[in-house]
Amino acid sequence: MAAAARSTALADVSKRGAFVRTVSPFRKCVSSEPDAKHPPESQRYHLYVSHACPWANRAVIVAALKKLSPKHLSISVVHPTWQRTRPDDPEDTHCGWAFASESDAPFTSPSGFGSFACKDVVPDTVNNCKFVRDLYDLSLSKLTDEERSAFPAQVRFTVPILWDKKLGVIVNNESSEIIRMLNTEFDNLEGVDTSLDLYPEAKRAAIDEANEWIYDGINNGVYKCGFATSQEAYEEAYNNLYESLNRLEKLLTDSPYVAGDTLTEVDVRLFVTLARFDDVYTVYFKATGGAIRTDFPAILNYCRRLCQLHPEIAQSINSEHIRVHYYTSHPVLNHYAVVPIGRGIEPFLSEPFQPVPLYFIPTR
Ligand SMILES: N[C@@H](CCC(=O)N[C@@H](CS)C(=O)NCC(=O)O)C(=O)O
């Protein structure tokens, strides 16, 4: 059965060494339509996230911007360092996200190195699980035979997860869909910011178009660089990444947000990758062609605008979890779990942002 699949995204590599992301299998929706299986209700749903994970960071930002969390939506935050998820079974070497309490002893890396504090973590008070994998097992055990047969053979135990506390199942584990639900489906609950629409009708075509090249070149593009297992696949991903960043630099020289003059979901989806770029992707994922704070002034200016005008975005960044996770969780990439000293993006965001167009180019 699907729950038996025990590897992680690092194993998702094609014959020619290119990273190919596995499709998220839980794709139900919270919906305000009559008779919906998962109707919007205050405190019915729970978000499982990692502060290190860019995909989960999207959900944390949208929940905060819409004023859904913590009043209507509760959240658990895993420890940044992956652990053996079946430590008593020598045959089962899967490593993945683990829950912890702040009072727990520090974790070591899966290869047994380092000491990483249980700081800024929130345990699983909904299901009392020790590992994110356990949540998938719980939810998979409730599938009907028909549903199970439609499930992929390989299930990755990923975050974010949107969990239905009433039915005891995962609703959805795909961040791009979770943020759309958070954006609209809870708007009837008290105190939710209904004036904020991150996917407005009039901008949908522009948002969809930008999401596509930004996902391929940048969000998933950094992973294609970092998880490639052949020179050819890495170089292809690298070229695509820097072509996309140059395209973005040009766009943001003239535009305050990616899709014009207001914040939309494309900015949230993009920012979470930019926030990890300099401390992690330039080193760990071999993105050596330029860093945001030194080589992309318009992108840096845009990050400042996002964080200063939308403080929920700035508050969602946890540079320590980010660094600790990447450098300690994949022994195959960094066996000794030595974490490079990082400066974090935060100190670079406080300088006032400039209006656009960023550069005045005289016509003669
Ligand atoms: N397409 C998913 C991707 C989520 C994802 O890959 N999350 C990573 C963390 S950055 C994860 O949980 N990986 C666990 C694993 O690969 O086993 C989404 O956008 O929600």
Side-chain angles (χ1 to χ4, degrees), residues 2-13 19-29 47-63 76-86 92-99 110 129 131-137 139-140 152 154-163 170-182 211-212 214-216 218-227 265-266 268-273 275-277 280-281 284-285 316-318 321-333:
R6 287 178 195 133
S7 44
T8 70
L10 268 104
D12 296 335
V13 174
F19 174 61
V20 184
R21 187 173 288 283
T22 301
V23 174
S24 307
F26 289 91
R27 307 299 279 268
K28 298 267 178 357
C29 291
L47 262 184
Y48 288 102
V49 303
S50 154
H51 283 327
C53 166
W55 319 100
N57 196 168
R58 295 169 165 187
V60 170
I61 291 174
V62 176
S76 290
V77 181
V78 292
H79 191 285
T81 302
W82 283 0
Q83 300 292 294
R84 286 277 296 270
T85 56
R86 294 293 176 266
D92 188 333
T93 55
H94 175 262
C95 295
W97 300 112
F99 294 101
C129 285
F131 303 104
V132 163
R133 176 177 177 179
D134 303 333
L135 298 168
Y136 279 82
D137 284 352
S139 210
L140 287 164
Q154 296 285 307
V155 175
R156 300 281 176 246
F157 309 124
T158 58
V159 290
I161 292 173
L162 185 64
W163 182 270
I170 297 175
V171 180
N172 195 297
N173 70 337
E174 170 51 45
S175 63
S176 55
E177 295 181 355
I178 294 174
I179 63 173
R180 291 256 171 105
M181 290 172 224
L182 302 183
N211 276 342
E212 204 169 313
I214 290 174
Y215 172 79
D216 182 57
I218 302 176
N219 300 133
N220 198 39
V222 290
Y223 282 89
K224 286 193 277 182
C225 283
F227 288 172
E265 66 164 42
V266 70
V268 174
R269 290 172 46 134
L270 168 64
F271 174 76
V272 295
T273 299
R276 286 153 180 77
F277 202 85
V280 178
Y281 303 145
Y284 202 54
F285 283 179
S316 77
I317 308 168
N318 186 321
H321 273 220
I322 290 170
R323 272 195 305 277
V324 168
H325 164 61
Y326 284 94
Y327 291 106
T328 68
S329 296
H330 320 117
V332 67
L333 297 183

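The first residue of the sequence shown is numbered 1, and numbering continues consecutively from there. Only a predicted model underlies this, so the values are computations on that prediction, with no experimental measurement involved. Counting convention: from 1, in listed order, for ligands and their atoms alike.
- Aromatic pair W82/H94: ring centres not closer than 6.0 Å.
- Take H79 and apply the ring-ring contact (aromatic ring centres under 6.0 Å, His included) test, not counting sequence neighbours, and it matches F107.
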Within the protein, flag every N or O under 3.5 Å from an N or O of ligand 1, and note the pair and distance.
{"unit_1": "ligand 1", "atom_1": "1 (N)", "unit_2": "S24", "atom_2": "OG", "d": "3.4"}
{"unit_1": "ligand 1", "atom_1": "1 (N)", "unit_2": "E174", "atom_2": "OE1", "d": "2.9"}
{"unit_1": "ligand 1", "atom_1": "6 (O)", "unit_2": "R21", "atom_2": "NH1", "d": "2.9"}
{"unit_1": "ligand 1", "atom_1": "7 (N)", "unit_2": "V159", "atom_2": "O", "d": "3.0"}
{"unit_1": "ligand 1", "atom_1": "12 (O)", "unit_2": "W97", "atom_2": "NE1", "d": "2.8"}
{"unit_1": "ligand 1", "atom_1": "12 (O)", "unit_2": "V159", "atom_2": "N", "d": "3.0"}
{"unit_1": "ligand 1", "atom_1": "16 (O)", "unit_2": "A9", "atom_2": "N", "d": "2.8"}
{"unit_1": "ligand 1", "atom_1": "19 (O)", "unit_2": "S175", "atom_2": "OG", "d": "2.6"}
{"unit_1": "ligand 1", "atom_1": "20 (O)", "unit_2": "N173", "atom_2": "O", "d": "3.4"}
{"unit_1": "ligand 1", "atom_1": "20 (O)", "unit_2": "S175", "atom_2": "N", "d": "2.8"}
{"unit_1": "ligand 1", "atom_1": "20 (O)", "unit_2": "S175", "atom_2": "OG", "d": "3.4"}

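- With no hydrogens or angles considered, no side-chain donor-acceptor pair links T93 and R86 at under 3.5 Å.
- When the salt bridge (charged side-chain N to carboxylate O under 4.0 Å, His left out) test is applied to R323, the partners found at least two apart in sequence or on another chain are D279.
- The ring-ring contact (aromatic ring centres under 6.0 Å, His included) test applied to F131 returns no partner, not counting sequence neighbours.
- Classified by interplanar angle (parallel below 30°, tilted 30° to 60°, perpendicular above 60°), the ring pair Y281/F285 is parallel.
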